[in-house]
Amino acid sequence: MYAQMVKSEATQDDPEKLAAFQEKIDANIKVEPRDWMPEGYRKTLIRQIGQHAHSEIVGQLPEGNWITRAPTLERKMILLAKVQDEAGHGLYLYAAAETLGVSRDELTEMLLDGRMKYSSIFNYPTLNWADIGAVGWLVDGAAIMNQVPLQRTSYGPYSRAMIRICKEESFHQRQGYDIMMKMAQGTEAQKKMAQDALNRLWYPSLMMFGPSDAASVHSEQSMGWKIKINSNDELRQKFVDQTVPQAKYLGLTIPDDNLTWNEDKGGWDYSDPDWTEFFDVLKGNGPCNTDRMEARNKAWDDGAWVRDGLLAHAEKKRAAKTAAE
Amino acid sequence: MSKEWPLWEIFIRGQHGLSHRHVGSLHAPDAEMAIKNARDVYTRRNEGVSIWVVEANNIAASSPSEKGPLYEPSESKIYRHPTFFDIPDEIGHM
């Protein structure tokens with residue numbers, strides 16, 4: 001899940017308007033930008049969609065790391081296309097958030113000064129080529145798990161962004177699994193790299209769904225408003241059940257000794273990730289938090305003259321055109 | 001903070017001779033860049049053969065609060081639909 005621990009805002013609106021709003025949500029009527037909505041709904045959505053957008057953008061960094069070192073030209077072009085998609089996904093989401101009355105630049109600045117977060121997963125490094133496979137397979141796999149139900153979310157622009165993203169996301173997971181297959185069927189050294197990538201990225205991927213339901217304090221209101229559709233543990237369970245046979249096909253071992261089939265629930269029992277580590281990474285103490293934020297700040301600062309220059313050029317052209325008329 | 005690029009609404013004509021359809025929005029300094037960016041963002045998988053861009057603040061829209069009065073006339077004139085009229089079976093397709 002690209003949005004974790006999204007704090008839902010209490011709302012102090014007219015009870016009659018609130019009831020009518022809830023009726024609309026319950027009847028699956030989409031909320032559109034100019035419709036009345038509770039302040040808490042608006043603020044929670046800005047936080048959630050913003051965090052989701054930031055994750056798409058920061059998520060380009062661990063993968064971008066391997067574009068120049070991809071093993072073949074074809075792999076390089078594929079990875080480039082995938083990373084370009086992520087930029088597009090970030091843009092669809094920023095545009096959806098903007099319809100709620102926050103500007104694109106405000107959102108960026110809130111990311112850069114730490115007021116807004118991105119998914120914990122992107123604070124882990126990509127150390128070998130198999131990590132790019134594991135990211136597509138596991139990280140995009142986990143993201144899809146969360147994004148598919150969000151296509152039905154109550155806010156129209158968010159739902160439409162999700163539909164578009166889901167159409168493109170399947171390519172991402174498949175290209176990741178394709179890399180994993182190649183590595184797992186390769187030499188002993190390649191197979192070891194694949195196993196190493198799975199070992200390091202398994203638990204961080206489970207963390208993407210956010211804390212366990214028992215510790216998840218913000219879910220109830222968000223679920224009532226249909227901006228969250230499934231609970232964290234539900235989605236995590238689905239993800240584990242989907243991934244176990246895929247790992248088996250690769251001949252790789254999921255790094256969890258407690259992984260056992262549970263006939264009663266028709267799913268796998270698994271170990272929870274280390275939640276202390278999760279909260280620590282969110283606080284800024286993951287292996288790459290500093291690097292990621294430095295890279296985003298540098299891109300923003302270094303690009304300032306381009307943004308200003310293009311705008312100045314556009315204004316000059318407009319002025320010349322007006323003068324000529 | 002420098003000034004933000006204006007927001008553009010993007011409309012794309014798909015492959016099959018349909019009208020241009022709203023697909024989303026983006027920021028760009030001018031129309032030319034908006035079309036270039038729209039090409040990169042909204043047609044990466046053959047989605048279109050023609051792009052329109054309109055600066056968002058040039059769009060006038062109906063107000064959600066007028067929904068009732070604005071559309072009432074169409075709701076009360078059900079005879080505008082062909083199914084309002086009963087045509088005998090022996091007439092065949094009409």
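Just so we're on the same page: letters track the sequence lines, and every chain starts at 1.
- For a residue to count as touching a neighbouring chain, one of its non-hydrogen atoms must lie under 4.5 Å from one of that chain's; by this rule B:Ala56 does not touch chain A.
- Proximity to chain B among residues 85-96 of chain A is limited to A:Asp85, A:Gly88, A:Leu91, A:Tyr92, A:Ala95, judged by heavy-atom separations below 4.5 angstrom.
- More than 12 heavy-atom neighbours from other residues, nucleotides or ligands sit within 6.0 angstrom of CG on A:Asp113.
- For the residue pair B:Pro6 and A:Leu311, the shortest heavy atom distance occurs at CD-CD1, 4.1 Å.
- Rounding to the nearest 0.5 Å places NZ of A:Lys167 at 7.5 Å from CD of B:Glu47.
- For B:Glu9, no part lies near chain A; criterion is any non-hydrogen pair under 4.5 Å.
- To the nearest 0.5 Å, atom CZ of residue A:Arg104 and atom CG of residue B:Leu7 are 9.5 Å apart.
- Within a 6.0 Å radius of CD in A:Glu16, other residues, nucleotides and ligands contribute 12 heavy atoms or fewer.
- Side chain of A:Arg34 to main chain of B:Ser62: a donor-acceptor pair is present (N/O by atom type, distance under 3.5 Å, no hydrogens or angles).
- Enclosure of atom NE2 in A:His313 is not indicated, since only 12 or fewer non-hydrogen atoms of other residues, nucleotides or ligands lie within 6.0 angstrom.
- Between A:Glu315 and B:Lys3, at least one side-chain nitrogen of the basic residue sits less than 4.0 Å from a carboxylate oxygen of the acidic one, meeting the salt-bridge criterion.
- A salt bridge does not link A:Arg307 to B:Glu4: none of the charged nitrogens lies less than 4.0 Å from a carboxylate oxygen.
- By the neighbour-count criterion of 12 heavy atoms within 6.0 Å, atom CD of A:Glu74 is sparsely surrounded, having that number or fewer from other residues, nucleotides or ligands.
- In this structure, chain B has no heavy atom under 4.5 Å from any part of A:Arg160.
- Annotation for B:Arg45: atom CZ counts as buried by contact number, over 12 foreign heavy atoms lying within 6.0 Å.
- To the nearest 0.5 Å, the span separating CG on B:Asp30 from NZ on A:Lys316 amounts to 13.0 Å.
- Taken to the nearest 0.5 Å, the CH2 atom of B:Trp5 stands 10.0 Å off from the CG atom of A:Asp105.
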Practice task
Check the pair B:His27, A:Glu98 against side chain to side chain contact (heavy atoms under 4.5 Å, CB included), reporting the backbone distance first and the verdict last.
Solution key: CA-CA 11 Å; B:His27 288 274; A:Glu98 280 179 281; 2.5 Å; yes
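- Between chain B and the options A:Glu168, A:Arg318, A:Lys317, heavy-atom pairs under 4.5 Å are most frequent for A:Glu168.
- One finds the CZ atom of B:Arg44 at 9.5 Å from the CZ atom of A:Phe171 (value rounded to the nearest 0.5 Å).
- Neither the backbone nor the side chain of A:Glu32 comes within contact range of chain B; no heavy atom of the residue lies under 4.5 Å from a heavy atom of that chain.
- In the displayed structure, A:Trp36 atom CH2 is contacted under 6.0 Å by more than 12 heavy atoms of other residues, nucleotides or ligands.
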